[in-house]
Amino acid sequence: MRLGVVCGVLAVLVAGTVAPAAAAPAASEPVYDYAKAVRETVWVDIGHDGDGDGKPDRVAADIVRPSELTSGVPVIMDASPYYSCCGRGNESELKSYDSAGKPVKFPLFYDNYFVPRGYAVVLVDLVGTNRSAGCADVGGASDVDSARKVVDWLNGRATGYSAKTGGSAVTAGWSSGNVGMIGKSYDGTIANGVAATGVAGLKTIVPISAISSWYDYYRSDGATFGFNPDGLAQTVEAGNSGQNCSAQNQVLKQGATANGDYGPQWADRDYAAHAGTVRASVLLSHGVNDLNVKTINFGQWWSGLNVEKKIWLSQTGHVDPFDYRRADWVDLLHRWFDHYLLGLDNGVQNGPQASVERQPDQWADQSAYPAAGAVATTLRPHTSGSLGTATASGTASFTDNPNAGEDTWVTNPGSAALTYSTGTLASDLQVSGTTSITVTATPSTASARLSALLVDLGAATIRNFAGSGEGVKTGTTENCWGSSAPGDDACYKITSADVKKVGYTILSRGWADLANYASLAQERVLTPGTAYTMTFRLASTDHVVPKGHALALIIGGTDGSFIRGPAQPGRVTLELARTSASVPLVGIPQAATTHPAPAGGAFVPSAGRADLR
């Protein structure tokens, strides 16, 4: 009896009659014994030899599934490089095994909650990590195939084995072939990458704070953040079985050129370029203040998708929805997987497409993202310091100071940045989508960086996304989500919002190397005194600038909070008639009146993170 509910005709004689057919179940129910679940590992051949040992690499897929079901079981998969080196979730859970090597601890709550409801949960060690063979290639073909080939195996199209080497062939006769991938950060990134292959059997993905183009994790329109993929590879390989991955790591190092150009290695890891081939539905979550996986990653991925999709945008940094909106998230995941993996007609695909956190723990649903009515509006800076839709003229200059960052630019820019403001707004103004800025800039030296910020000038209470919890505080009490077994409990510490009062909010950022004005693939030598026109992107967002605040555009050189400066910092002059921002707005800002100065500070971010947890 599947899901604890009879799904066919119930032939029960009642007073000499046959009862009518039972209604279809509204939701899967926890009717299977988690303590008796099958726990096993299958090693799947992915067809690569990343460690150069002359043998195809096999990845370890740890499986937990209901023992009562021998066929038709859907799969929830999380493919990760962090199961031995760094951990998953707010409590950094690692996998564990018994003395015979059978998996015991499955990080996160997915197994505890969904296995009793008739699902299998499969946690895959990405190539070169934990118990998988090979070497990490940080988003490349081996990484993606670590999960794609497991999807194939679950559908009878790839070979699995009972051991890492040798062993006997193992089939997945218990599987329905319907797979949903989920994961935060690197894990969600792999879900994006697998979906971009269009692999059959992948019915849905749930990318949380995930990368859609690895270039946009390590670079930004020619500018560099100062860390590279070979460092991440070495981190995740630290817990492998002793493979020598130095050769593959050198390939990664050489492919990530120091000048920030978009080259073949980045093109091979650009899933957003293939978003149109995705066949799986997408449930996406991202923090609009995520300064680890910058939000341009969700914006460009989302805009390229042509499938059923929904999105959650929180005020947090790099945080899982389980840790800022737990009960609602688990309920949504339950209905989402029931619909796309079990085929239950529960309507989860209908209703508002987006849910956005406007203030800490205060959420607003909207029919679409970007918001319905959002229009790409050209805002121009003027020599008066105003920002509006009227034609501009004149010039303005700043002197690049790589030691200054965004906080200084807002509160005390001096000569390092230029500030332009709408003035106090008479009504709310919503920024919803991805902004771009076009500048015509004349450098005084042969190298120059450009940075731009959109800023909400006005006091607010926000999540403290620059704090240690990136907007959440972890308590000491727990609540439980599913069934527990020895070595794998379903209970997690309760979190709450970590809030902070600020005088302004930076809602979008962007960075560029002016030397890439003509092409991201090849920088050009700049001639001092020559004007160059370049367009670059700012981070995707959804933010309401309230009545009484002002929207500001700040333009400068090297934002020292994030990017590395040029070889020769100098003075940059903007031609204002040919400088503007295309901002997706709901509403039009009125002509400037007063220009409020920011009250109090926001935060000074670190120079960037070199991992994706």
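Only heavy atoms go into these numbers, but all of them, side chains included; no hydrogens, no water, no symmetry mates.
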request  = Evaluate the criterion side-chain contact (heavy atoms from CB on, under 4.5 Å) for residue pair His543 and Val288; output intermediate values, then yes/no.
outcome  = CA-CA 9 Å; His543 180 93; Val288 295; over 6 Å; no
message = Could you go through Ser355 and Arg325, starting from their C-alpha distance and side-chain angles, then the distance that decides it, and tell me whether this counts as side-chain hydrogen bond (donor to acceptor under 3.5 Å, both in side chains)?
response = CA-CA 12 Å; Ser355 190; Arg325 201 181 179 190; 3.0 Å; yes
task = Check step by step if side-chain contact (heavy atoms from CB on, under 4.5 Å) holds for Arg219 and Asp513.
result = CA-CA 10 Å; Arg219 307 287 189 263; Asp513 183 347; over 6 Å; no
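With 3.5 Å as the limit, one finds a donor-acceptor pair spanning the side chains of Asp559 and Trp511. Using modelled atom types, one finds a donor on one side chain and an acceptor on the other under 3.5 Å when comparing Thr474 with Asn90. No side-chain donor from either of Ser561 and Glu406 sits under 3.5 Å from a side-chain acceptor of the other. For the 3.5 Å distance criterion, the side chains of Tyr324 and Asp361 fail to qualify, holding no donor opposite an acceptor. Between Gln430 and Asp542, the side chains place a donor N or O and an acceptor N or O closer than 3.5 Å (distance only, hydrogens not considered). For the residue pair Tyr262 and Asn516, no side-chain donor N or O sits within less than 3.5 Å of a side-chain acceptor on the partner.
Geometrically, Lys294 engages Phe225 in a cation-pi contact defined by less than 6.0 Å to the ring centre and at most 45° from the axis.
Of all the heavy atoms in Asp78 and Gly183, the pair that sits closest is OD2-CA, 4.0 Å. Between Leu526 and Thr445, the shortest heavy-atom distance links the atoms CB-O, 4.5 Å. Contact record, Leu232 with Tyr82: CD1-OH, 3.7 Å, taken as the closest heavy-atom pair. Across all non-hydrogen atoms, the minimal contact from Ala417 to Ile554 is CB-CG2, 3.9 Å.
Expressed to the nearest 0.5 Å, how far CG of Asp230 lies from OG1 of Thr235 amounts to 9.5 Å.
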